[in-house]
2 protein chains.
Amino acid sequence: MKTHQGYVPGITVDITVFTIKDGALHVLLIERASPPYKKHLALPGGFLFFHETAEGAARRILKDKAGVKNIYLEQLYSFDSVDRDPRGRIISISFFALVAEDAVEVTEGRTTESPRWHRVSALSKLAFDHARIVAYAEKRIASKLEYTNAAYALLPRFFSLGQLHAMYEAALSKKIDKRNFIKKFLSLKLIRPTKKILSGLRQRPARLYEFVSRKPTELKKFF
Amino acid sequence: MKTHQGYVPGITVDITVFTIKDGALHVLLIERASPPYKKHLALPGGFLFFHETAEGAARRILKDKAGVKNIYLEQLYSFDSVDRDPRGRIISISFFALVAEDAVEVTEGRTTESPRWHRVSALSKLAFDHARIVAYAEKRIASKLEYTNAAYALLPRFFSLGQLHAMYEAALSKKIDKRNFIKKFLSLKLIRPTKKILSGLRQRPARLYEFVSRKPTELKKFF
DNA sequence: CCAAAAGTGTTGACTGTACACCCATGT
DNA sequence: ACATGGGTGTACAGTCAACACTTTTGG
């Protein structure tokens with residue numbers, strides 16, 4: 001096989017990164033500094049190098065733009081409408097990612113193109129077909145939380161059952177009965193109690209739990 | 001946007017077409033006439049034109065190579081290992097398809113490259129990373145049959161409950177209790193009885209059913 | 001003592017699963 | 001008459017859903 005340099009033409013990678021912040025689902029967006037769609041909000045993304053996979057490119061882009069660590073990342077869908085990019089025929093291999101809020105270095109400085117969190121329920125117009133991509137990713141988050149242990153990526157290493165519960169309510173945008181939820185979740189054996197106790201708040205201290213495994217794992221059935 | 005002619009470089013489309021035949025899951029494969037992987041079995045596929053979407057290319061290829069009609073088709077995954085194709089950096093946008101056996105014109109003539117059905121449980125080595133693609137598609141068939149009405153694509157327009165049951169057992173490769181299966185399936189209201197009766201066999205005649213809708217539909221829960 | 005979240009069980013409804021026999025027809 | 005798949009019901013077990021009060025701490 002021949003060796004190449006530079007970028008693969010005609011293919012980009014775009015990543016929809018979700019987190020839970022202030023009790024609501026947020027997505028990471030940049031503001032485009034150059035045309036097309038200058039000043040529009042867009043998903044972080046870019047072209048891929050000849051020597052890297054699409055997932056590799058996604059991880060590189062997230063690391064460079066946002067210093068992300070401990071991310072849950074998987075391929076989402078390839079968007080390929082003929083006219084989705086005014087520059088020509090460009091196909092986007094999109095990715096779906098979950099992170100804890102504090103795993104992203106959101107530089108609040110005025111660097112344009114620096115990523116920031118945006119509430120999914122109140123997005124302005126996005127560049128390209130990125131609104132469609134985000135909508136597609138939103139559909140996936142529920143199934144990931146319901147059929148896998150992906151929740152570990154949205155939470156700190158140690159967390160209380162209350163945090164876990166609040167996170168599910170925010171991500172699925174619905175009320176969930178706390179007793180039933182905790183009963184069900186504990187029966188799955190995905191998490192275990194630790195000896196840590198979170199105190200210092202003006203309330204009863206909470207026992208902290210951790211995920212038994214912080215690797216992607218599929219379940220038969222969840223809840 | 002500029003107009004282009006010819007093929008998009010660096011991207012192919014490959015389709016995993018499944019059917020149920022002789023009580024077992026089969027996949028449609030061609031024998032490659034030219035290198036690389038000459039004489040190996042491979043998924044039907046090809047490059048896409050500048051003016052068509054990947055799904056459009058998939059439908060065109062299936063129509064040209066196998067005269068397929070009434071197909072259930074959806075994007076599966078994009079395979080992008082750096083070394084998956086000896087000709088260079090070529091990414092495959094793969095598709096997943098379900099058809100009734102008789103919806104494909106399998107020309108039994110000796111034309112090489114003409115598609116034929118192969119039992120999934122006994123595949124020989126495939127070209128490229130097509131074995132991985134087929135394995136990935138196999139994982140999807142169960143969820144499609146369990147969470148959507150995709151079964152319509154694997155059956156003739158009118159079918160007996162016995163055929164439906166046998167088809168599910170073949171596709172999921174497991175025994176399913178017939179009474180429970182039928183009870184559950186009927187409760188979903190996806191199918192309705194017709195006035196047609198299948199007789200002429202040396203057995204009790206069967207009432208024929210049809211799908212209420214033959215468009216892809218998602219269900220909350222299936223079975 | 002007050003505010004705030006932690007923590008904890010029971011009951012009734014529903015759903016899934018296991019299981020076996022008679023029926024209608026063609027040969 | 002027999003071989004073949006068609007067609008049907010019940011009982012038990014397990015899971016889901018609804019529901020509210022007491023506890024522990026910090027201020």
Side-chain angles (χ1 to χ4, degrees), chain A residues 20 22-24 142-143 145-147 151 155-156 158-170 172-210 219-223, chain B residues 20-24 142-143 145-147 151 155-156 158-210 219-223:
Chain A
I20 305 296
D22 307 330
S143 62
L145 290 179
E146 288 174 359
Y147 297 110
L155 291 169
F158 300 99
F159 52 89
S160 70
L161 296 178
Q163 280 176 279
L164 179 68
H165 173 244
M167 188 275 281
Y168 265 80
E169 286 197 332
L172 307 182
S173 327
K174 67 177 183 193
K175 279 257 167 266
I176 302 171
D177 180 88
K178 189 169 148 198
R179 279 167 295 184
N180 292 337
F181 173 82
I182 289 173
K183 212 185 312 169
K184 183 71 191 297
F185 210 98
L186 289 175
S187 77
L188 298 171
K189 306 285 182 194
L190 288 177
I191 59 174
R192 63 170 162 239
T194 68
K195 296 211 174 75
K196 297 182 197 292
I197 302 284
L198 178 67
S199 54
L201 282 58
R202 46 187 274 174
Q203 69 199 225
R204 175 169 171 180
R207 156 141 277 128
L208 296 183
Y209 288 72
E210 66 178 340
L219 310 201
K220 291 267 179 283
K221 236 182 179 182
F222 214 102
F223 73 93
Chain B
I20 305 295
K21 180 171 130 85
D22 309 329
S143 62
L145 290 179
E146 288 174 358
Y147 297 108
L155 290 170
F158 300 99
F159 53 88
S160 69
L161 296 177
Q163 280 176 280
L164 178 68
H165 173 244
M167 188 275 281
Y168 265 80
E169 286 197 331
L172 307 181
S173 327
K174 67 177 182 191
K175 278 256 167 266
I176 302 172
D177 181 89
K178 189 170 149 198
R179 279 168 295 184
N180 293 336
F181 172 82
I182 289 174
K183 212 185 314 169
K184 183 71 191 296
F185 210 97
L186 289 174
S187 77
L188 298 171
K189 305 285 182 196
L190 289 177
I191 59 173
R192 62 170 161 241
T194 68
K195 297 211 175 75
K196 297 183 196 293
I197 302 282
L198 178 67
S199 55
L201 283 58
R202 47 188 270 170
Q203 69 202 226
R204 176 172 171 180
R207 156 140 279 129
L208 296 183
Y209 288 73
E210 66 178 342
L219 310 201
K220 292 265 180 288
K221 237 182 178 182
F222 214 102
F223 74 92

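Small disclaimer: the values here were computed from a predicted structure and weren't measured. Residue numbers start from 1 in every chain, and the chains themselves are labelled A, B, ... in the order their sequence lines are given, proteins ahead of strands.
Qualifying side chain to side chain contact (heavy atoms under 4.5 Å, CB included) partners for B:A24, counting only residues two or more places apart in sequence or in other chains: B:H26, B:R119. Scanning for salt bridge (charged side-chain N to carboxylate O under 4.0 Å, His left out) contacts around B:K189 gives an empty result, with sequence neighbours left out. With sequence neighbours excluded, the residues that form a side chain to side chain contact (heavy atoms under 4.5 Å, CB included) with A:Q203 are A:L201. A:R192 pairs by the salt bridge (charged side-chain N to carboxylate O under 4.0 Å, His left out) definition with A:E210, not counting sequence neighbours.
Residue B:F181 contributes atom CZ, which lies 19 Å from atom C1' of D:dG9 at whole-angstrom precision. Across the protein-nucleic acid pair, B:L208 atom CG and D:dG6 atom C1' stand 12 Å apart, rounded to whole Å. The separation between A:K178 atom NZ and C:dA4 atom P is 14 Å, rounded to whole Å. Spacing between atom NE2 of A:H165 and atom P of C:dT8 amounts to 15 Å, rounded to whole angstrom units. Spacing between atom CZ of A:F159 and atom C1' of C:dA6 amounts to 15 Å, rounded to whole angstrom units. At whole-Å resolution of the value, CD1 in B:I182 and P in D:dT10 are 17 Å apart. Between A:I176 atom CD1 and D:dA18 atom C1' the separation is 15 Å, expressed in whole Å. As rounded to whole Å, 8 Å separates atom P of D:dT8 from atom CG of B:L161.
Although no hydrogens or angles enter the test, the distance criterion places no donor-acceptor pair under 3.5 Å between the side chain of B:Y168 and the main chain of B:A151.
Residue pairs satisfying the salt bridge (charged side-chain N to carboxylate O under 4.0 Å, His left out) criterion with at least one member in residues 199-209 of chain B, sequence neighbours excluded, are absent.
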Assign a letter to each nucleotide of nucleotides 19-27 of chain C from its 5' end: B, base within under 4.0 Å of a protein heavy atom; S, sugar-phosphate only; -, no contact.
BB--BBBS-
